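In this text the structure is predicted, and so the values were computed from the model without any measurement. Proteins get letters first, then strands, A, B, ... in listed order; numbering begins at 1 in each.
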There are 2 protein chains.
Amino acid sequence: MPKHIADSTVRRLSLYLRFVEEALGRGLRTISSDTLAALGGTTSAQVRKDLSSFGSFGKRGLGYPIPDLVERLRDILGLEREWRVVIIGAGRIGSALAHYPGFSQHGFRIVGVYDNDAEKIGRSWDGHPIRDVAHLGRDASREKPDIAVLAIPADTAQATADHVVRAGIRAILNFAPTPLRVPDSVTVKTVNMALELEGLSYALAHKR
Amino acid sequence: MPKHIADSTVRRLSLYLRFVEEALGRGLRTISSDTLAALGGTTSAQVRKDLSSFGSFGKRGLGYPIPDLVERLRDILGLEREWRVVIIGAGRIGSALAHYPGFSQHGFRIVGVYDNDAEKIGRSWDGHPIRDVAHLGRDASREKPDIAVLAIPADTAQATADHVVRAGIRAILNFAPTPLRVPDSVTVKTVNMALELEGLSYALAHKR
DNA sequence: GGATGTGAATGTCTTCACAGCT
DNA sequence: AGCTGTGAAGACATTCACATCC
């Protein structure tokens with residue numbers, strides 16, 4: 001097991017897991033790096049490198065045994081346990097995420113929903129009471145959330161992230177269109193839809 | 001102007017644009033690679049490399065003139081013109097995107113909303129009538145959309161993407177949690193929230 | 001002096017190609 | 001024969017460091 005696994009590798013492992021789970025559901029017994037590569041839009045060498053980072057459990061001449069592979073990938077990705085998630089920003093994005101297929105399926109459980117809008121606080125949101133974000137620290141010491149989803153505007157994102165970090169939460173999924181500064185002990189993934197759109201705009205503007 | 005600009009570079013350019021626009025709004029005149037690097041979470045050398053790919057328009061000893069930089073970046077990213085967007089899948093994700101600040105601000109205009117659910121077709125969605133996705137080809141020849149946003153489940157995503165490609169649309173923003181196969185002439189960006197969450201899960205599971 | 005622009009060095013990720021196991 | 005596992009090569013991206021210019 002190497003010191004460090006690249007982000008891009010982890011993303012591919014998640015993809016493989018999805019395909020392998022599907023193959024498992026169809027009752028298949030083994031799957032080859034070639035097949036996984038075709039499904040995941042990569043190459044067989046890449047698949048083998050990715051998987052061999054964590055030990056060799058494929059069978060030469062046959063491929064990877066599917067039940068083993070599912071278990072191994074779920075284990076590597078930390079999906080054998082349940083992660084406790086708070087959503088900060090009771091708006092459309094958080095709602096979309098909460099309804100994402102695979103959110104609860106893959107062990108992500110919403111344990112709290114927060115907002116800073118007095119109009120919203122106290123109301124119900126997809127079955128969860130909306131709490132005041134000012135109480136996050138107090139609640140967190142009791143409920144020990146693992147992940148905070150920031151679904152709020154850019155201008156309050158950094159302050160809220162600081163708040164989240166102080167509450168002892170060590171992972172942030174950031175939908176605010178701005179990078180966040182956090183200590184090394186905290187992991188952030190930013191999903192910036194504006195960047196994706198502008199990437200498409202760039203491609204359209206420059207493509208022959 | 002080099003043959004090819006990396007995706008990661010384009011993403012950073014989008015970020016820089018956001019910061020420079022903000023600086024412009026505050027009436028600043030120039031901005032240094034150091035300042036941009038701090039805002040964007042990168043290094044000054046990286047900023048200079050990124051910008052110099054498109055010619056040199058910084059002033060040594062001063063930094064980059066902000067109005068020029070805004071214009072140049074908007075031009076590079078293709079944001080001087082309006083892009084016509086269709087949203088396929090009249091659900092929460094599409095709705096969240098449509099309300100994203102900067103969507104219309106940055107020249108992305110929704111020209112059609114589609115679904116395949118007979119219950120939804122004909123209803124109104126954020127002021128747009130929901131149309132039958134079966135009519136996309138016919139509509140597209142008239143309305144010439146540039147970008148299709150796929151906000152639909154994984155199992156129909158590839159077939160819908162094929163449909164979109166046949167309709168002559170050359171850019172896809174894919175929120176379905178699966179990679180898409182499209183011809184080289186079509187650009188796809190996939191936003192897979194499950195992958196981001198699992199990336200956090202991985203980090204939490206492995207961090208000391 | 002202060003900040004850019006850029007070749008060279010470094011670091012990281014991907015692809016190749018083939019030995020080795022089943 | 002078929003397919004994995006993996007060093008070595010190659011491609012790509014980032015960082016360094018310094019000459020260059022305002």
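Regarding contacts with the backbone of C/dA3, every side-chain N or O of B/Ser32 stays at 4.0 angstrom or more from both OP1 and OP2. In this model, the phosphate group of C/dC13 is not approached by any side-chain N or O of A/Ser8 to a distance below 4.0 Å at OP1 or OP2. For the pair B/Tyr64 and C/dG5, the criterion of a side-chain N or O lying under 4.0 Å from OP1 or OP2 is met. Distances shown here put a side-chain N or O of B/Arg12 below 4.0 Å from the OP1 or OP2 atom of D/dT14. For C/dG1, neither phosphate oxygen OP1 nor OP2 lies less than 4.0 angstrom from any side-chain nitrogen or oxygen of B/Arg60.
The CG atom of A/Asp50 sits 5.0 Å away from the OG1 atom of A/Thr9 when rounded to the nearest 0.5 Å. In this structure, the separation between OG1 on B/Thr178 and CG on B/Asn192 is 8.5 Å, given to the nearest 0.5 Å.
Rounded to a whole Å, the NZ atom of B/Lys59 is 11 Å from the C1' atom of D/dC21. Summarising the geometry, the separation between CD on A/Gln46 and C1' on C/dC13 is reported as 8 Å, rounded to the nearest angstrom. One atom, CG of B/Asp34, and another, C1' of C/dG5, lie 15 Å apart when rounded to the nearest Å. Going from atom CZ of A/Phe57 over to atom C1' of C/dT22 covers 17 Å, rounded to whole Å. Between A/Leu62 atom CG and D/dA1 atom C1' there is a gap of 12 Å when expressed in whole angstrom units. One atom, CG of B/Asp7, and another, C1' of C/dT14, lie 16 Å apart when rounded to the nearest Å. At whole-Å resolution of the value, NE2 in B/His4 and P in D/dC12 are 9 Å apart. A/Asp50 has its CG atom 10 Å from the C1' atom of C/dC13, to the nearest Å.
Nearest nucleotide to the A/Arg48 side chain, out of C/dA17, C/dG5, D/dT15: C/dA17.
Each of B/Ala45 and B/Gly61 was assigned the nucleotide of DNA chain C with the nearest heavy atom; the assignment lying further toward the 5' end belongs to B/Gly61. Each of A/Thr42 and B/Gly58 has a nearest nucleotide on DNA chain C; the 5'-most of these lies closest to B/Gly58.
Counting only distance, with no hydrogens or angles, the side chain of A/Arg84 and the backbone of A/Glu143 share a donor-acceptor pair below 3.5 Å. A/Ser52 contributes no side-chain N or O that, together with a main-chain N or O of A/Gly55, makes up a donor-acceptor pair within less than 3.5 Å.
Within the 4.0 angstrom heavy-atom criterion, only backbone atoms of the sugar-phosphate kind lie near B/Ser33; the bases stay farther away.
With hydrogens and angles left out, the side chain of A/Lys49 and the base of D/dG7 share a donor-acceptor pair within 3.5 Å.
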B/Tyr202 and B/His206: ring-ring contact (aromatic ring centres under 6.0 Å, His included), yes or no, with the steps?
-> CA-CA 6 Å; B/Tyr202 174 86; B/His206 288 78; 4.1 Å; yes
